[in-house]
Engineer: 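Pasting a structure here, questions to come.
Lettering of chains follows the sequences in order, A, B, ..., and the numbering in each one begins at 1. Quick caveat, the model's predicted, so the values are computed rather than measured.
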2 protein chains.
Amino acid sequence: MENLPQHFDSVFTVDCIIFGFDEGELKILLIERNEEPFNGWFALPGYFVEKTESIESAAERILYECTGLKGIYMEQFYTFGALERHPQGRVITVAYYAMIRLTNQKDLKPVTTFARQAVWMPVKDMPELAFDHSRIFRKGFEKIRNKISYQPIAFELLPEKFTLTQLQHLYEVILNKKLDKRNFRKKMLAYDILKELDEKQKGVSYRAAKLYKFDKRKYAKHFNKELTFTKE
Amino acid sequence: MENLPQHFDSVFTVDCIIFGFDEGELKILLIERNEEPFNGWFALPGYFVEKTESIESAAERILYECTGLKGIYMEQFYTFGALERHPQGRVITVAYYAMIRLTNQKDLKPVTTFARQAVWMPVKDMPELAFDHSRIFRKGFEKIRNKISYQPIAFELLPEKFTLTQLQHLYEVILNKKLDKRNFRKKMLAYDILKELDEKQKGVSYRAAKLYKFDKRKYAKHFNKELTFTKE
DNA sequence: TTGCTTAGTGTAAAAATTACACCTTATATT
DNA sequence: AATATAAGGTGTAATTTTTACACTAAGCAA
């Protein structure tokens, strides 16, 4: 049997959009590039995929190298391959996104030289990014905004225990619109995927709200899925 | 400025799921392979992407080479890159789908040697396909089934003029369930994207039904989109 | 005690979805 | 011409889902 035709080989990469929610703001992870082209520009965490790894594991490895974050499950959403997206030739990139809980993951340490640093950037302050990463980001953001309207996937962004008001704020930030408090609660509780705890919010100077937890088992029942982020 | 790091190069391909609707059946285009591996097996139309073309244009070119069909707009839906999907090494494939009108496109002539022939295969008779193409097909089919439930995208499959019953049959075949005639019509007409013609079905041995046309302009208004298949 | 701030709650109207059955019309058959 | 056949075409009531909307309760701070 012949070998694969090597002359077709193309350069390809993965790029990751990692969402976080902190201080009431939606943020994403960016790296400051330390390589030409676009040296010094902000970019999505991403790099070249090796020949010997699957795309998924490449995404996980590269995210770790860029930021020090480990074991983040990401969902693929689109593959970009326009001729002009890289100044030195056609580079195909497979884009992933994930939502993560920021608690204890705020300190980012790149384990590589191609990223000078990694930062949490509020979505509302996003600068122009290297390559076509701004476009990739817009497409990914649209995707989760769309997805969240028919599937409650946002729990990954909150601390383990959260109040309904926190959850509502998160939705409002992602959907970019105000929601009605009573209707939001009614709907959310109707999903029956939250577990009400015997515990209250602490350290607030007003009436403390009940805390809730996301209940994976109930979620799986309702949506016929194991996890918030679905495997292929 | 340095060049792109060539040692990362990967082999990659596109594969296409082309849906057609004929004789009340949903069909897809398959080719019979004329190359190792999987010589003689059925496979999705697909081949290697050149270094100098975008993925989209590669998809269009390759579909033409496999089948003789030209100018089909396809929508990308997923990229597969598991290590074991090709026996000779990691091959990444970007998968696309499209729905096309079968009228006058039933004769397929491959313009290449890697496909022995192209055929319209009823979805219900699908054989096991080469590589992981069966899995790719299942994922693509699920995608359109899902999409059609919230966006009327199936008109591309019908002849230009069609009856509501034909449209309903198509929906039933894709969704794999019976629909209520009155409710289906009510909903379809409520979308306000069909144009009722002053013309009736011909050559039937029973009462002829009114013919309708898909109205692109109205569709664009309602869904804020130019076409049935959406550009990125 | 009072004031401040957020928590928490219900109901009515409107809209969308579902369930359901019969008469009409064109053709083919006798 | 009459009849049989087969699909076309239509409306309404019940149910469910979604929306709009405002006040009292609780906890903390001064």
Engineer: What does nucleotides 17-26 of chain D look like as a protein-contact string, B for base, S for sugar-phosphate only, - for none, at under 4.0 angstrom between heavy atoms?
Structural biologist: --BBBB--BB
Engineer: Determine whether the aromatic ring centres of A:Phe19 and A:Phe21 lie less than 6.0 Å apart.
Structural biologist: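 No, the ring of A:Phe19 stays outside the 6.0 Å limit from the ring of A:Phe21, centre to centre.
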Engineer: Is atom CD of A:Glu142 surrounded by more than 12 heavy atoms (other residues, nucleotides or ligands) closer than 6.0 Å?
Structural biologist: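 It does not: A:Glu142 CD has 12 such atoms or fewer within range.
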Engineer: I need the NE2-P distance between B:His169 and D:dA7, as an integer number of Å.
Structural biologist: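 Whole-Å distance recorded here is 8 Å.
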Engineer: Over how many whole Å does the gap from A:Gln168 atom CD to C:dG8 atom P extend?
Structural biologist: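 That distance rounds to 12 Å.
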Engineer: Would you say C:dG8 has OP1 or OP2 under 4.0 Å from some side-chain N or O of A:Arg185?
Structural biologist: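 Answer yes for this pair, as a side-chain N or O of A:Arg185 is under 4.0 Å from OP1 or OP2.
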Engineer: Answer with yes or no whether the side chains of A:Thr165 and A:Arg185 bring together a donor and an acceptor at under 3.5 Å.
Structural biologist: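 Yes - a donor-acceptor pair under 3.5 Å links their side chains.
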Engineer: Rounded to whole angstroms, how far apart are CE on B:Met188 and P on C:dT17?
Structural biologist: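 Between P of C:dT17 and CE of B:Met188: 12 Å.
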Engineer: Applying side-chain hydrogen bond (donor to acceptor under 3.5 Å, both in side chains) between A:Thr93 and each of A:Thr79, A:Asp132, A:Asp15, report the one that passes.
Structural biologist: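 Per the side-chain hydrogen bond (donor to acceptor under 3.5 Å, both in side chains) rule, the option paired with A:Thr93 is A:Asp15, out of A:Thr79, A:Asp132, A:Asp15.
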Engineer: Rounded to whole Å, how long is the line connecting atom CG of B:Leu211 with atom C1' of D:dG9?
Structural biologist: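 The answer, rounded to whole Å, is 15 Å.
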Engineer: With a 4.0 Å cutoff (strictly under), does any side-chain N or O of A:Thr165 reach OP1 or OP2 of C:dA7?
Structural biologist: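 Looking at the OP1 and OP2 atoms of C:dA7, one of them is under 4.0 Å from a side-chain N or O of A:Thr165.
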Engineer: To the nearest Å, give me how far apart CD (A:Gln201) and C1' (C:dT5) are.
Structural biologist: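 Rounded to the whole Å, the gap is 12 Å.
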Engineer: B:Lys210 has an atom NZ; how far is it from atom C1' of C:dT24, in whole Å?
Structural biologist: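 Value for this atom pair: 13 Å.
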Engineer: Could you state the atom-to-atom distance from CG of B:Leu179 to P of C:dC20 in whole Å?
Structural biologist: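 My rounded result for the distance is 15 Å.
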Engineer: For DNA chain D, whose closest nucleotide is more 5', that of B:Ala208 or that of B:Ser205?
Structural biologist: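 Looking at the nearest nucleotide for each, B:Ser205 comes out on the 5' side.
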Engineer: Without hydrogens or angle criteria, can the side chains of B:Gln151 and B:Tyr219 be said to hold a donor-acceptor pair below 3.5 Å?
Structural biologist: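 On atom types as modelled, these side chains qualify, holding a pair under 3.5 Å.
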Engineer: Decide if the gap between the ring center of B:Tyr212 and the ring center of B:Phe162 is smaller than 6.0 angstrom.
Structural biologist: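 Ring centres of B:Phe162 and B:Tyr212 not closer than 6.0 Å.
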Engineer: Is a donor from one side chain sitting under 3.5 angstrom from an acceptor on the other, for B:Glu60 and B:Tyr96?
Structural biologist: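 The answer is no; no qualifying pair exists.
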Engineer: In whole angstroms, how far is the P atom of C:dG8 from the CZ atom of A:Phe184?
Structural biologist: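 Interatomic distance, CZ of A:Phe184 to P of C:dG8: 13 Å.
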